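Owing to the predicted nature of the structure, the values given are computational and were not obtained by experimental measurement. The residues of the chain are indexed from 1 along the displayed sequence.
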Amino acid sequence: MKSKHSILAIATIALATVVYSQAIVGLAPAVDYLWLGAKWSQIPRYPGDVGVISLSYYLSNQYVDVSIYIDAKCPYLTPLEAARLPSAGPGIVTVNIRVVANALNVTCPVNAVLRARYRSAGSALTDGMEKVEYDSVYIPPYPTAEISARGVAYIGIPSQVTLVIKNPYALTASVAVQGQGARILYPTGLYRINGTYAEVPVVAIADSPAASLVVAMQARDWLGNPVALSYTVPLAAAPAPPSVLYINPTTLYLNRFNKVNVTIQLPVNADGVAVVSAAGAAAPQSSFTVQIRGGRGSAQIDVYPVSSVVTFTAQVTYQVLGVSKTEQITATAATQQSAGGAARVEVKPSKLISGVTNNVTLAVAAPGPFNASVTVSNAAVDKPQPYYFGGVGKAAASLLVTPLSNQPVVISVTVYHSAGVDQYTVNLPVTSSSIFTVLPTPSIVKSGGNRTVVLTVINSGDVAVQKAVVTVSPASGNILASTYTFQIGRLAPLDSVQLPVSFIIPATYSGSVALTYNIIYTTELGTTSTAQGTIYLQALQTPAVNITNISVVPTTPEPRRTFYISITVVNKGFTPVTNLQVEARVPRGIRPVTSPIYFAGQLDPQQTITIPLSFNATAPGQYQINLAVSYTDQYGNYYTIPTTLTITVANGSRFSAPFPRTGGPGAAQQQSGANTPWAYALAPVLAAAVAGAIFYMRRRRTLKS
């Protein structure tokens, strides 16, 4: 019995030794062939770009007539070539294969196939081999960005604008900002950004209306190679709003000192100083200094008018972020006779409009019964001159005054009353303005096609218009329009009338559209005049992005099998769109294989793009996948195109392999994987058997002793 157990233990040890030696060095050599993997040696920069993938192998023998290629199992990767070698090995063999990446930031399953016709065995050639290796190739994103500037840069004044940097993938980069037609005060060095969205505050001084920012970005790609990006971002540059000089009161009295409140308002929040002087008046000093804090300054000064109009001039100097700016602004005040007598005279309004008839009201107050004589200079009046009116205590008269020039209109009033005679002189400044205000609705129209704009004509004067003829015609050749003529009836002050005007804007045009109007009108007082002007519209090119096709492959997916959805988008417009992306929202039972959000970036006019998505259904049934195509136009407007796709998942086998099991590369992969690893799988079992046999023999020896 003891000898029987000894023989069994010795046989077990011998069998384990033989199997172990065959697994290590004998019948199934482990290092005859070794797959070292696939990696990028040159990554694609955008969807549709060409990259290079390196495939590496270790071969212990020399093989003749070798071909190596990639069999992609997704629509994101398209191999362009196969590598052919006269011979390969022994040692490490690396080949480069060019591929087209149809998408970025996605993973693609691939089969790497190595075929050799012969193997060199000494001086003879034997049959070669075929090896199929499964791998996943991640197509990394390439550094890119969508950059725009938010805010207005004033010409000649430091202004803060915001540089908005958007990236569909996380981007780490250093940003340097320079100006074209602009000076950059901040940032002066590199600005670090990280993530998909960043805002960089920029302080710039625009030197011209066509100012722009040059943004230089230093980043690294997925392989760690440095990438230099440069973008030119236009700035919305505009002249700085002028400072404003306010005076109160606006009517001064002659022959005495008047206290005038002077207020200066800057267009920006800055500190400065203003030197104010008065022309046409005497003052205790030739100029007054007004301190400005936080964009506003005020003071009270005494002036003694000596002419018909007093003009206040302010020399304003202020600093914004260390940059000094100087400008000169003015304001005028009318003068009238000092109310030193027993009578009082009041004239309204205090200013007149040139080229139109103005209603002027004179109010006179005097003790007891009185008569007043009125004479108007530098204007046409509807009543004979001198004009007389009177009353007891108070009386008023209305005059229709039409200025003959831009010079002040002088009204002289002599009041005869029981206490004596008082004389007054009132000077009314004349400003250039139109009795009509014309407003377009809408002021922004789309390019391409026939557009209709309603012109609202408002009587902004104080005299009713009896009748008018309005003529509207195009002011430039960028639109196709005829000349429109309208006749309108009575239009009371502040009343309005709407006039529709149609024109055709070319689909390729974007910019301002100018229309001129000419109004010949007659007031209810019988005066005839003309008003002219130009109105401006803005024509914007809107994108025309449509979904032309949605395909599903296979048309009837099976459970636990990958199916693909391809969305074809076309830009039928004449302007590019940016931030184009497709987002899929899937119901329960559908799993995305790759990211459900595909960022395509920019789509140029008259171009199409096919966007692939891949999913996996976990169970049969009917599912609805909500797709949304979104993009922005050149003005930053956001658009979205929603659509719903119904997928029917048919009943299939309980489990299906992702690749064929018989024939082709899939079969070769399964066979190559089944021939070599069995010895390694049995090695732990055999080792345990050997250890048990040794323990059993030692135990028997101990018991025997």
Note: Thr556 and Thr648 closest approach over all heavy atoms is CG2-O, 3.7 Å

Taken in chain and number order and not counting sequence neighbours, the residues that satisfy side-chain hydrogen bond (donor to acceptor under 3.5 Å, both in side chains) with Arg84 are Asp65

List the steps and the verdict of side-chain contact (heavy atoms from CB on, under 4.5 Å) for Thr452 and Phe503.
-> CA-CA 7 Å; Thr452 299; Phe503 47 86; over 6 Å; no

Contacts of Asn549 meeting side-chain hydrogen bond (donor to acceptor under 3.5 Å, both in side chains) (sequence neighbours excluded), chain-then-number -> none

Would you be so kind as to tabulate the donor-acceptor pairs closer than 3.5 Å made by side chains of residues 223-235, with sequence neighbours excluded?
| residue | atom | partner | partner atom | Å |
| --- | --- | --- | --- | --- |
| Asn225 | ND2 | Asp221 | OD2 | 3.4 |
| Tyr231 | OH | Ala145 | N | 3.1 |

Go through the steps to decide whether Gln624 and Asn626 satisfy the test side chain to side chain donor-acceptor pair (under 3.5 Å), and finish with yes or no.
CA-CA 6 Å; Gln624 287 188 340; Asn626 296 321; over 6 Å; no

Exercise. Quick one: are Leu59 and Pro90 in side-chain contact, heavy atoms under 4.5 Å?
Worked result: no

Assess whether side-chain contact (heavy atoms from CB on, under 4.5 Å) is satisfied between Ile609 and Leu580, documenting all intermediate values.
CA-CA 10 Å; Ile609 185 173; Leu580 176 67; 4.0 Å; yes

By salt bridge (Lys or Arg N to Asp or Glu O under 4.0 Å), Glu146 pairs with (sequence neighbours left out) none

Heavy-atom nearest pair, Ile597 first then Glu583, reads CG1-CG, 3.7 Å

Yes or no on side chain to side chain donor-acceptor pair (under 3.5 Å) for Arg115 and Tyr69, after CA distance, side-chain angles and deciding distance? CA-CA 9 Å; Arg115 290 177 178 174; Tyr69 63 92; 3.2 Å; yes

Under the criterion side-chain contact (heavy atoms from CB on, under 4.5 Å), I'd like the reasoning laid out for Ser630 against Tyr638: C-alpha separation, chi angles, the key distance, then a yes or no. CA-CA 7 Å; Ser630 60; Tyr638 179 80; 3.1 Å; yes

Value for CE (Met217) from OG1 (Thr172), rounded to nearest 0.5 Å, stands at 9.5 Å

**Report entry** Close side-chain approach of Ile611 and Ser566, heavy atoms under 4.5 Å
**Finding:** no

Value for CD (Glu133) from CD1 (Ile70), rounded to nearest 0.5 Å, stands at 13.0 Å

Can I get a per-line list of side-chain donor-acceptor pairs under 3.5 Å for residues 93-108, giving both atom names and the distance, sequence neighbours left out?
| residue | atom | partner | partner atom | Å |
| --- | --- | --- | --- | --- |
| Thr94 | OG1 | Ser56 | OG | 3.1 |
| Asn96 | OD1 | Ser54 | OG | 2.6 |
| Asn102 | ND2 | Pro75 | O | 2.8 |
| Asn102 | ND2 | Thr78 | OG1 | 3.2 |
| Asn105 | OD1 | Tyr138 | OH | 2.6 |

task = Evaluate side-chain contact (heavy atoms from CB on, under 4.5 Å) for Ile641 paired with Thr643, printing each intermediate quantity in order.
result = CA-CA 7 Å; Ile641 306 175; Thr643 184; 5.8 Å; no

query: Under 4.5 Å between any side-chain heavy atoms of Val582 and Leu613, yes or no?
result: yes

Tyr564 and Lys73 have their tightest heavy-atom pair at OH-O, 2.9 Å

Would one find more than 12 heavy atoms of other residues, nucleotides or ligands at under 6.0 Å from atom OH of Tyr118? no

In short, Arg560 meets Asn616 closest at the heavy-atom pair CA-OD1, 3.4 Å

| query | Heavy-atom distance under 4.5 Å between the side chains of Leu77 and Val110, does that happen here? | reply | yes

Scanning both residues in full, the closest heavy-atom pair of Ala650 with Pro559 reads O-CD, 2.8 Å

Sequence neighbours excluded, the answer for salt bridge (Lys or Arg N to Asp or Glu O under 4.0 Å) partners of Arg119 is none

Side-chain donor or acceptor of Ser447 paired with backbone N/O of Ala507 under 3.5 Å | no

Residues passing the side-chain hydrogen bond (donor to acceptor under 3.5 Å, both in side chains) test with Arg585, sequence neighbours excluded, are none

Contacts satisfying side chain to side chain donor-acceptor pair (under 3.5 Å) that involve residues 569-578 (not counting sequence neighbours) are Thr575-Gln634, Thr578-Thr632

Quick one: does Ile43's side chain get under 4.5 Å of Tyr142's, heavy atoms only?
yes

**Message:** Are Ile193 and Tyr191 packed together at the side-chain level, in the sense that at least one heavy-atom pair is separated by less than 4.5 angstrom?
**Reply:** yes

The reported gap from CD1 in Ile547 to OG1 in Thr568 (rounded to nearest 0.5 angstrom) is 9.5 Å

Separation between CG (Leu36) and OH (Tyr57), nearest 0.5 Å, reads 9.5 Å

* Within the distance-only criterion (no hydrogens, no angle test), does the side chain of Gln581 pair as donor or acceptor with the backbone N or O of Val629 below 3.5 angstrom? -> no

Evaluation steps, side chain to side chain donor-acceptor pair (under 3.5 Å), between Ser502 and Asn450: CA-CA 7 Å; Ser502 299; Asn450 191 6; 4.6 Å; no

Exercise. Can you establish whether the number of heavy atoms outside Gln178 located under 6.0 Å from its atom CD is more than 12?
Key: no

Quiz item: Quick one: are Thr162 and Pro201 in side-chain contact, heavy atoms under 4.5 Å?
Solution: no

Value for CZ (Phe563) from CZ (Phe615), rounded to nearest 0.5 Å, stands at 6.5 Å

Step by step, would you call Ser174 with Arg192 a side chain to side chain donor-acceptor pair (under 3.5 Å)?
CA-CA 5 Å; Ser174 298; Arg192 190 76 173 176; 3.0 Å; yes

side-chain hydrogen bond (donor to acceptor under 3.5 Å, both in side chains) filter on Thr594, not counting sequence neighbours, yields Tyr76, Ser614

_Donor-acceptor pair, distance only, cut-off 3.5 Å: does the side chain of Thr618 make one with the backbone of Gly589?_
yes

Does the side chain of Val177 come within less than 4.5 Å of Val214's, by heavy atoms?
no

Residue pairs passing the disulfide (SG to SG under 2.5 Å) test with at least one member in residues 541-590, sequence neighbours excluded, are none

The complete set of disulfide (SG to SG under 2.5 Å) pairs with one or both residues in residues 544-632, sequence neighbours excluded, reads none

Tightest non-hydrogen contact, residues Ser120 and Leu125, listed as CA-CD2, 3.8 Å

Residue set satisfying salt bridge (Lys or Arg N to Asp or Glu O under 4.0 Å) with Arg591, at least two apart, ordered chain then number -> none

CZ (Arg45) and OG1 (Thr144) are apart, to the nearest 0.5 Å, by 11.0 Å

